[in-house]
Number of protein chains: 2
Amino acid sequence: MADNLAISDVARVFGLRTSAIRYYEQIGILPPPVRKNGQRRYEQSALFRLAVVQRAQESGFTLDEIRELFFGFRAATRPPKRWHELSERKIAELQLRMKRLKLMQTLLKQMQDCRCNALEDCGKKLLSKSSKERNHAHLR
Amino acid sequence: MADNLAISDVARVFGLRTSAIRYYEQIGILPPPVRKNGQRRYEQSALFRLAVVQRAQESGFTLDEIRELFFGFRAATRPPKRWHELSERKIAELQLRMKRLKLMQTLLKQMQDCRCNALEDCGKKLLSKSSKERNHAHLR
DNA sequence: CTTTGACTTAAAGTCGACTTGAACTTGTAG
DNA sequence: CTACAAGTTCAAGTCGACTTTAAGTCAAAG
C-alpha cells in the first residue's frame, strides 16, 4: 500500500514490463512521476489509473481512446459535451460487442454439439442478419 | 444469391478490400476458389465462411485462432479432443470478456453521472478485485 | 574500488492484420 | 485499335502496442 514505488514494482502489480509503463508515459497515458536520482517513483494514483487502463484495453479500447475517454478532459478542463457524446457512443458500442460475444458463444457451443453443418448454417444466418445491421452500426 | 462472384463482389458484401480477401486465402482462412481467366470466382460457401470469420474477429479471435477453431479440423479430419478443449477455453474466455465489458460500461456510466472521482474510485475497486482473478484467468 | 542489479534514454525491431505499389494481363466499350 | 476498369503477383510499407538493444548512470554489497 506504500507510495514511492519503483517502476518494477508497478510493473509486477499489473503483469507488465517496465518498458510498457515508460511507453504509457511517453504517449500521455500516465503522467510523468516524481524522480529520485533520476528514477521514477510512483504513488497509488498511478496504480488506479493503470487499473482502469488495463480494463479498458480488455474491453477493446485503443490507447488513444482511453486517453480521450478517461484522461482527456484534464487538458481542456472539461469540454463536457464532446466527452459525453464520445462516451455515449462507446457505451452503445460495448452493448453491441456484448451481443456479438453472446452470438459467438452460441456458435461455438453449437459446433461442440457437433451438428456439423452448424458452421454453414450459422454463416447463412449471420449473412442475412448483417445486411440490416450494417446501416445502423459502425464498429471498427 | 448467385455463385460465380468476383472478388470485388465478395469484398463489397463484407465491406472489405479485395486485398483482405486475397490475404485470407494466402493464410489459409479461405480456400483457393475456382479461377476464370486467372480471376477468382467465389461461391456462396465462401460468403458463409467470411461471415463467421468476421463475427469471430469482432469477438476478439485472432485469424490463427479462427482457422484452428472453425476450419482447423479439415486438415486432420476430426481431432475432436483437442478441438473440444480449445473451444471450451474460448467459451470461458468469452464469458470473462462479457463480464468485463459490463464493468466497463458501468464505469463509463458512472463517469457520465460525473461523481467526478469515479475514476479513482473505480481504479481502487478494480485493483482490489484483480488480485483474486489474476491467478485464475489468462487472457491475452 | 569494483561488481551487481536496477534504473535511464533513444532508436530500432516485432507482430498481427492488412494495404500499397509496381508491373503486368484480360475482357469489354467506343 | 486503343483505352479503361478490374483482375493478377510479389514485395514492401503501415499501424498500434509494445519490446529489444545499446550505451550509460547510480547506490548498495562484497
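Chain A is the first sequence line, chain B the second, and so forth, proteins listed ahead of strands; every chain is numbered from 1.
- Ion pairing of B:R97 with A:E58 is absent here, as no side-chain N (NZ or NE/NH1/NH2) approaches a carboxylate O to less than 4.0 Å.
- Proximity note for A:Q57 (side chain, C-beta onward) versus D:dC18, D:dT8, C:dT19: the nearest is D:dC18.
- In this structure, A:T18 and A:Y23 have side chains that are not in contact, with every pair of non-hydrogen atoms separated by 4.5 Å or more.
- Within the 4.5 Å cutoff, the side chain of A:N4 has no heavy atoms near those of the A:E43 side chain.
- In this structure, the CD1 atom of A:I7 is 17 Å from the P atom of D:dC26, given to the nearest Å.
- When the C1' atom of C:dA17 is taken as reference, atom CG of B:L50 falls 15 Å away, rounded to whole Å.
- In summary, of the residues considered (B:I21, B:L47, B:V13), a side-chain contact (heavy atoms from CB on, under 4.5 Å) with B:Y42 occurs for B:I21 alone.
- Within residues 19-26 of chain A, the residues approaching DNA chain D are A:S19, A:A20, A:Y23, A:Y24, by heavy-atom distance under 4.0 Å.
- In this structure, CD of B:E65 is placed 12 Å from C1' of C:dG16, rounded to the nearest angstrom.
- Whole-Å rounding puts the B:I27 CD1 to C:dC18 C1' distance at 9 Å.
- For the residue pair A:Q57 / A:R55, no side-chain donor-acceptor distance below 3.5 Å is found, with atom types taken as modelled.
- At a threshold of 4.0 angstrom between heavy atoms, the contacts of A:L16 with the nucleic acid are absent.
- Hydrophobic clustering (ILVMFWY, side-chain heavy atoms < 4.5 Å, transitive): A:V34 and A:L30 are in distinct clusters.
- The shortest distance between side-chain heavy atoms of A:K102 and A:M104 does not fall below 4.5 Å.
- Of the residues in residues 31-43 of chain A, A:R35, A:G38, A:Q39, A:R40 come within less than 4.0 Å of DNA chain C through at least one heavy atom, sorted by number.
- Counting to the nearest Å, the P atom of C:dT8 and the CZ atom of A:R17 are 16 Å from each other.
- Of the side-chain N and O atoms in B:T18, none sit less than 4.0 angstrom from OP1 or OP2 of D:dA6.
- Checked for salt-bridge contact, B:K90 and B:E93 meet the test: a charged N lies under 4.0 Å from a carboxylate O.
- A straight line from CD of A:E58 to C1' of D:dA17 spans 15 Å, rounded to a whole angstrom.
- Side-chain contact check for B:V52 versus B:R49: every heavy-atom pair is 4.5 Å or farther apart.
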